[in-house]
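Have a look at the structure below, then the notes.
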Amino acid sequence: MPELPEVETVRLGLKPALEDRVILKAQIRRGDLRRPFPARFTERLEGRAVRALRRRAKYILADLDSGETLVIHLGMSGRMSVYAAGHRRRLGDYVYNPAPESAGHDKHDHVILDTDAPARIVFNDHRRFGLMTLIATDALEENPLFEDIGIEPLSAGFGAAYLAQALAGKKPPVKSALLDQRVVAGLGNIYVCEALFLAHISPKRLAGAVRRDEVVRLARAIKSVLKAAIKAGGSTLRDHAQATGDPGNFQHRFLVYGREGKPCKGTRCGGTVKRIVQAGRSSFYCPRCQT
DNA sequence: AGACGTACCTGACCGC
DNA sequence: TGCGGTCAGGTACGTC
């Protein structure tokens with residue numbers, strides 16, 4: 001699932017259940033995800049108020065009033081679902097599932113947080129590539145998880161100037177460079193493919209050989225595709241769901257991703273979308289539009 | 001230092 | 001119906 005737009009969608013959906021709320025009870029149903037939960041994990045969460053719910057790259061960050069931050073990564077298949085307790089189904093601007101008796105009892109429901117919204121938040125991750133940990137808030141930036149992560153693509157500081165210097169001298173293909181979280185934070189396979197199509201740049205081009213005028217288009221394309229995807233609630237292929245349980249909608253608007261053999265959607269093109277493998281990942285592109 | 005391949009884990013899907 | 005093989009949105013680690 002989750003690239004920046006999916007993580008941002010989940011964060012927005014969690015907000016009314018978590019931000020400025022108190023975590024009344026925390027439960028874990030196994031000892032680890034991708035890595036073990038930290039010592040006394042549930043005790044360090046219970047009774048804590050969430051001061052802010054932020055996102056950095058593909059991580060959701062819940063700043064607690066204890067000075068620690070709950071760090072959440074959804075991996076490939078993680079979901080965070082909110083169930084409104086009792087008969088209350090509306091939290092803020094969002095309508096959630098009522099709490100079924102089974103909420104938190106699926107085989108892959110690994111973490112359950114009950115807050116005073118009141119709401120139940122369930123973290124489900126069948127592949128267990130996800131991560132949850134606690135890090136001192138004022139030490140986040142120096143933490144190995146974050147110290148090498150690049151600029152946020154939707155921040156004011158991200159533009160052609162930044163991207164040009166970030167790609168300069170890089171030997172890998174531009175496709176691989178954009179997947180590198182040190183270059184730009186939060187991009188994944190889908191949105192890199194889509195952004196390169198929008199910018200008319202072949203994924204095979206070497207990062208350091210992308211011309212300045214192309215970098216200008218690429219920076220704009222990255223921003224626009226991410227914004228549109230967030231607006232659509234992200235892309236659901238298999239696993240992504242918004243916190244309400246609803247799928248995202250952006251997958252219906254893919255221009256190249258997953259469209260191998262289908263006609264290019266570029267105006268006046270008439271070409272066919274091709275799939276190649278780069279660094280072990282599928283790249284989709286139109287050889288006629290993207291050069 | 002940087003680039004590449006591989007491993008992590010489960011489920012869905014396809015062909016036989 | 002069942003089995004084996006392949007693939008999947010991400011990251012981290014070992015190796016060269």
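All values below were derived from every heavy atom in this structure, side-chain atoms included, with hydrogens, water molecules and symmetry-related copies excluded. Below, chains carry the letters A, B, ... as their sequence lines are ordered, and counting in each starts from 1.
- With A:Leu53 as the fixed residue, the side-chain contact (heavy atoms from CB on, under 4.5 Å) test singles out one of A:Ile72, A:Asp63, A:Leu18: A:Leu18.
- Base pairing of C:dG9: no nucleotide in any strand meets the Watson-Crick or G-U wobble criterion (both distances under 3.5 Å).
- Contact check, A:Lys171 against B:dC4: no side-chain N or O comes under 4.0 Å of OP1 or OP2.
- In terms of phosphate contacts, A:His108 brings no side-chain nitrogen or oxygen within less than 4.0 Å of OP1 or OP2 of B:dT10.
- Rounded to whole Å, atom C1' of C:dG10 lies 16 Å from atom CG of A:Asp148.
- With respect to the salt-bridge test (charged N to carboxylate O, under 4.0 angstrom), the residues A:Arg55 and A:Glu152 qualify.
- A:Ile230 places its CD1 atom 20 Å from the P atom of C:dG9, with the value rounded to the nearest Å.
- When the side-chain nitrogen and oxygen atoms of A:Gln181 are compared with OP1 and OP2 of C:dG10, none of them lie within a distance under 4.0 Å.
- Rounded to an integer number of Å, the gap from CZ of A:Arg79 to P of B:dT10 is 18 Å.
- Projected onto DNA chain C by closest heavy-atom contact, A:His126 and A:Pro144 fall at different nucleotides, the more 5' of which corresponds to A:His126.
- Within the structure, a side-chain polar atom (N or O) of A:Lys58 is placed less than 4.0 Å from OP1 or OP2 of C:dT11.
- Nucleic acid contact class of A:Tyr257 (heavy atoms, under 4.0 Å, all strands): sugar-phosphate only.
- For A:Arg35 and B:dC8, the shortest distance from a side-chain N or O to OP1 or OP2 is not below 4.0 Å.
- Heavy atoms from other residues, nucleotides or ligands lying under 6.0 Å from CD of A:Gln165 number more than 12.
- A donor-acceptor contact under 3.5 angstrom links the side-chain atoms of A:Arg127 to the base of B:dC9.
- Comparing the same atom, P, in C:dG14 and in B:dC9 gives a spacing of 16 Å after rounding to whole Å.
- Comparing the P positions of B:dA1 and C:dT11 gives a spacing of 22 Å, expressed to the nearest Å.
- Projected onto DNA chain B by closest heavy-atom contact, A:Arg34 and A:Lys107 fall at different nucleotides, the more 5' of which corresponds to A:Arg34.
- For the pair A:Glu6 CD and C:dG10 C1', the interatomic distance rounds to 12 Å; values are reported in whole Å.
- With rounding to whole Å, A:Leu179 atom CG is found 7 Å from C:dG10 atom P.
- Electrostatic pairing of A:Glu214 and A:Arg205 counts as a salt bridge here, judged by a charged N lying under 4.0 Å from a carboxylate O.
- Contact check for A:Met132 versus A:Leu70: side-chain heavy atoms found under the 4.5 Å cut-off.
- Taking a centre distance below 5.5 Å and an interplanar angle below 30 degrees as the stacking criterion, A:Phe129 does not stack against the six-membered base ring of C:dT11.
- Rounding to the nearest 0.5 angstrom, the gap separating the OG1 atom in A:Thr69 from the OH atom in A:Tyr59 is 14.0 Å.
- If you check every strand for non-hydrogen atoms under 4.0 Å, A:Leu145 touches sugar and phosphate atoms only.
- Distance, A:Glu147 CD to C:dT11 C1': 15 Å, rounded to whole Å.
- Taking 4.0 angstrom as the limit, A:Ser176 places none of its side-chain polar atoms (N or O) nearer than this to OP1 or OP2 of B:dA3.
- A:Leu237 has its CG atom 21 Å from the P atom of B:dT10, to the nearest Å.
- Using a 4.0 Å heavy-atom criterion, one finds that A:Gly280 contacts no nucleic acid atom at all.
- Contact annotation: side chain of A:Arg128 to base of B:dT10, donor-acceptor pair absent below 3.5 Å.
- Neither OP1 nor OP2 of C:dG10 sits under 4.0 Å from any side-chain N or O of A:Tyr59.
- The interatomic distance linking A:His110 (NE2) with B:dC9 (P) rounds to 12 Å, in whole Å.
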